[in-house]
Amino acid sequence: MELHLQMKEKKAEIEMEGSERESNDGGDRPHPWQSYHTVYTIAKAGMEGVDKEKVQRTVYEMSKGSKYFQNEERKEAFINHKIHNFRLNCAKLTPQDLSHYRKVADRRILELEASRDLSRIWLHVDMDAFYAAVETLSNPTLKGKPMAVGTISMISTANYEARKFGVRSAMPGFIARKLCPQLIFVPTDFNKYTHYSDLTRKVFRRYDPNFIAGSLDEAYLDITQVCKERNVKSEQIAQELRASVYEETGLTCSAGVAPNRLLAKVCSDINKPNGQYILPNDRVAVMTFISSLPIRKIGGIGKVTESILKEVFGINTCEQMLEKGSYLCALFPQSTTDFFYSVGLGLGKTDSPQERFRKSISTERTFSATEDEALLYKRLAEVAQMLSTDMQKEGLCGRTLTLKLKTASFEVRTRAVTLQKYINSSEDILKHASKLLKAEFPISVRLIGLRVSQFNEDKYGATSDPKQKTITHFITSGEDNRNSSSFPDVTDHDFVAGMETDLSIVSRQTCQHECRDPFDGNHSLDADYQSYAAWENGGAEEVPTSENDATSSNYSGCTDVPGSTSFQGQFADTNVNNGCNLLKDQERLESSCQESTMLWLNDYKCSLCGTELPPSFVEERLEHSDFHLAEKLQKEESKIHQTSLPSQSRYQKDRIARQSKSKKQRLSQKEGSYTPIDYFFVRE
DNA sequence: GCGGATCAC
DNA sequence: TATGGTGATCCGC
């Protein structure tokens, strides 16, 4: 689930004041440790009665000054800036705007309300501290003692005794040890967890053969049928199911029952651990339940979204999503707004989705940061080998390869290339990945990852037509089709292998030693590096995107396409001062296409795409016009070159953009103070 | 199609 | 001393 919070927000037109920036380092605040990113303390369960302030202070003291922490501060500054811009846009809304959006919001809320489906009974079951519980099962001496599964650098799961000290999953172990010196660390044993997960699933299957496995430790069951057949209440089913799970595994779990999956998940958390909560299929009950519920409890609302909604709109509870509905629909895209309203109404998915196929496969590894290029190539080769092995295991071939890098300063970069050929051999992966990596040097890296997507469709045959699925979903769920992407749902995570954060580094020893340079039997670092040079310009089958092939393009000028009418737009009456680009483009547009009109329908809605923008958002409207213009020009261009080779200009533009970007990065790297966030503060 | 972000687990 | 790995999705460009 992603909430595109940044869309309608204007880019950094507003310069940040120095004082505002300083506020991010905590220097002028009374409690610098109370920053939103100290998320460890806002646990969902088991953290009641924890001295939160003490935990926050400890986490802060342990983290302060680290590279990791500095990066977190950068990210937080970015969020603060976003919040700042949202506030400015809020302030720009006139009473007329608000009255308009109130109507829009109310209408939409009514539509969503009409889609409410109270006919299904969903049960969400969630194992309690699963990894830790399994480990305690196999080593009963751990019982009653604070314990964490994971390592000194990262914790997967903590048992409830440890949680009392503020120890939490995704917390680095050395901080956890500070919070709880007697904490026992147990390494992860993935096979063990899979075994117990299978046992629980055997139980789940008895209640819903089509249950949705969210991860190893949680599942959604549609128990409508069972309840009806046995003529029992959902509460009894939940009791029975939990007892069965305990009987078969010795593990406790918690359950939530509700009319849809979103609510069921919230409910399973309420009486955790070893408890359950039933929300009846009754509209009033749902609305009462949702009214005071903090938005962060909703799946899909993470710390960033929570922070923005809280600080910009004063939204703390789900109910307030409706109260502030006019502001929300004024400032967010409709897909996002729909999701927010659904939260406010307590709506969620009620259908049983069909099997879904993975869309990508990836491998990534963290190591001690290095700028040694030969060493990085070696790491890359290892990752490529692991990925290739995984792909071959599943018989997958893909044509988009993405390299992920995390720099020593925790900045994440991705670089992708789309090939004409579907690949899955380690040689092919490494060849293309090496090119992507090479372009980033010099760089100090602490993580390398590779992902392959765009799989060969033949692999799945006709069974994976996503459109078909969407239609099915539409019919069975009774939801507006447009909303489907806006509802976060566990089915989005069907392929998550490790739940509760599986941090175990699977042993790859054999693979690392067997990993050979595809073009050189020699395994030495230098050889790896040198052989890379041989690949330069060697990828003939590669689609010429970023760096090769600018020379092979046959593009030679253009033949204007007359009367291209795909775009129908005259640009906003907001004429004047939009710079010469627009004017020039507009001239071109006028001369090359039939005129018709882009209007703001009812003063608010774009006649071309339906986007809403209030009249007071002058600059945003200009940008929007630009967008349609650019879109139109692009269409024109692609028409021109449809029969010829790809346009050189576009690739050159790409190249220039990349070059200038990497130059920037190199420069700042050299200075040792690369802070992407700063770009945001600078007016162009 | 690419890159950055957000989110879940 | 020291802050993970896998997958999905969306937006702006």
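Throughout, protein chains are lettered first and strands after them, A, B, ... in sequence-line order, and every chain is numbered starting at 1.
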Side chain of A/Ser362 - closest among C/dT9, B/dT6, C/dG7
C/dG7
Along DNA chain C (nearest heavy atom to each residue), the more 5'-positioned of A/Arg451 and A/Leu447:
A/Leu447
Using the side-chain heavy atoms of A/Lys303, tell me which of these nucleotides is nearest: B/dC7, B/dC2, C/dT3.
B/dC7
5′-ward residue of the pair A/Ser360/A/Ser66 relative to DNA chain C
A/Ser66
Taking the six-membered ring where the residue is Trp, are the ring centres of A/Tyr131 and A/Tyr196 under 6.0 Å apart?
no
Quick one: which of B/dG3, B/dT6, C/dG7 gets closest to the side chain of A/Arg358?
C/dG7
Contact class for A/Lys406 (heavy atom, under 4.0 Å): base, sugar-phosphate, or nothing?
sugar-phosphate
C1' spacing across the pair B/dC7 / C/dG4, given as an integer number of angstrom
15 Å
For the base of C/dT3, is there a side-chain donor-acceptor partner from A/Ser63 under 3.5 Å away?
yes
Starting at CZ of A/Phe339 and ending at P of C/dC10, how long is that distance when rounded to a whole Å?
13 Å
Without hydrogens or angle criteria, can the side chains of A/Asn80 and A/His84 be said to hold a donor-acceptor pair below 3.5 Å?
no
List in chain and number order the residues that pass ring pair (Phe, Tyr, Trp, His ring centres under 6.0 Å) with A/Phe204, two or more places apart in sequence or in another chain; answer none if no residue qualifies.
A/Phe211
Is the phosphate of C/dT1, meaning OP1 or OP2, less than 4.0 Å from a side-chain N or O of A/Arg177?
no
A/Thr414 side chain N/O closer than 4.0 Å to the phosphate oxygens (OP1, OP2) of B/dG4?
yes
What nucleotide, of B/dA5, C/dA2, C/dT6, holds the atom closest to the side chain of A/Phe174?
C/dA2
Nearest to the side chain of A/Lys359 - B/dC7, C/dA8, C/dT3?
C/dA8
Taking the side chain of A/Arg446 as heavy atoms from C-beta outward, which of C/dT3, B/dC9, B/dG1 is closest to it?
C/dT3
For the side chain of A/Phe410, counting heavy atoms from C-beta on, which of C/dT9, C/dT3, B/dG1 is nearest?
C/dT3
Test side-chain hydrogen bond (donor to acceptor under 3.5 Å, both in side chains) applied to A/Ser197 - qualifying residues, sequence neighbours left out
A/Arg201
Over-ring placement of A/Arg163 relative to A/Tyr160, 6.0 Å and 45° cut-offs:
yes
Nearest to the side chain of A/Lys265, heavy atoms from C-beta on, is which of C/dT3, B/dC2, B/dA8?
B/dA8
Minimum-distance nucleotide (side-chain atoms of A/Glu364 versus C/dT3, C/dC11, C/dG5):
C/dG5
Output yes when at least one side-chain N/O atom of A/Thr305 is less than 4.0 Å from OP1 or OP2 of B/dC7, else no.
yes
Any side-chain N or O of A/Ser215 under 4.0 Å from OP1/OP2 of B/dA8?
no
